[in-house]
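Written out below as C-alpha cells is the structure these notes cover.
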Amino acid sequence: MKKQEKRLNRHPVQVIAVTGGKGGVGKSNVSINVAISLAQQGKRVVLLDADLGLANIDVLLGLTAHHTILDVLEGRCDLDDIMIEGPEGIKIIPAASGAKKMANLTEKEHAGIVHAFSEIGYDIDTLIVDTAAGISTTVVSFVSAAQDVLVVVCDEPTSVTDAYALIKLLAQESKTHHFRILCNMVRTSHEGQQLFNKLLKVTERFLDVTLQFVGSIPFDENVRKSVQRQRAILEAYPRSKASAAYRELGQKIFNWPLPQNPRGNLEFFVERLIQGMEYR
C-alpha cells in the first residue's frame, strides 16, 4: 500500500531553504513559525533540520527524536520512520546532535539525503529546509536543491556582511540568482525596509542577482519567552506582534508559484517535475 501511495504523490512540492549566513539571526524560529503558519492554512508541511550535526528544531519545540538523519544515512531507517509530529501537525525530520560525521558529509551523501525525499510516503505540499549557519558545503548543497531561498537578516553589520557573502557564493557556485529577503527582529517596518535597502545596494553594485523583500518580523520579547517554554511563538503567544507578522508572511508564501520544470541540477523532488512534464 505504501508503494502505491508513493506513486500517487506526484504533485510539485514547494521547497523553501531558510538560510542567513550568520548564526543568531533567528533562522530556526523563522523556519518553525513559517511551517506552522502554512499548516494553519491547510498545507501539509515537512520541516527538515538541515543543521545536520547540531540539531535544534526538536529542542526548540520540546520534542524527543528517537531517530535522526544519521540513521537514514547508515541504512537503519527511511525518512518516513524518523519523522516526528510538531505543532499543527507539521512533520519534522530531525538531525543528529554532536555527530562529527554529519558535519563532514561527502557530496554523494548530500545527494543521498536529497534523493531520499523522492521515496517519502507522506503526501507533502511544502518542504522547509532550515540550514546551518555559515557557508559550508552542506549549506550550499541544500540551498541549491531548493526552489526558493529565504535569506534571514537582522540589523547588525555582521549579518548583512555574511548574508552578502552567502548570496555571492550561491550565485557563483550553484547559479542561484533569485533571493527572497526577510528582515528579523526589527524595531519598525521602516527599519526593515532600510535594512533590505542596505543589502540591496551592495548586491546591485557587485552581483548579478535579484533580491525580493518579503517583509519583516518585529522584535518581540515574547519570542524569547516562547523559546524558554520550548514552544513556537505562534502556538505560545498567538496574539503577539511577531505572530501576526508570521501569519502575514505565511499568507504571502502560500501564494508563491510552484516549480514547473527541473533546473538541471540536484534538487528535491525533481522526479515529480519530470513526470509532470511528461503529462503536459
Next item on the list: Could you tell me whether Arg180 sits above the aromatic face of Phe213, with NZ or CZ closer than 6.0 angstrom to the six-membered ring centre and within 45 degrees of the axis?
Entry: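 Verdict for Phe213: no cation-pi partner in Arg180.
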Item checked: Lys168 to Phe206 six-membered ring, cation-pi geometry met (6.0 Å, 45°) ->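 Negative - Lys168 is either too far from the ring of Phe206 or too far off its axis.
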Cut-off 3.5 Å, side chains only: do [X] and [Y] have a donor facing an acceptor?
X	Y	result
Thr138	His110	yes
Gln193	Asn197	yes
Ser240	Ser243	yes

Sidechain N-carboxylate O distance under 4.0 Å for [X], [Y]:
X	Y	answer
Lys241	Asp220	no
Asp155	Lys198	yes
Arg76	Asp71	yes

Nearest 0.5 Å, what's the [atom1]-[atom2] distance between [X] and [Y]?
X	Y	atom1	atom2	value
Asp51	Asp130	CG	CG	7.5 Å
Leu234	Ser226	CG	OG	9.5 Å
Asp49	Ile57	CG	CD1	5.0 Å

Should [X] and [Y] count as side-chain neighbours, where that means a heavy-atom distance under 4.5 Å?
X	Y	result
Val72	Asp78	no
Ser144	Leu266	no
Val140	Leu169	yes

Checklist line | Aromatic ring pairing Phe117/Phe268, orientation class (parallel under 30°, perpendicular over 60°, tilted between) | finding: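 If you compare the ring of Phe117 with that of Phe268, the planes turn out perpendicular.
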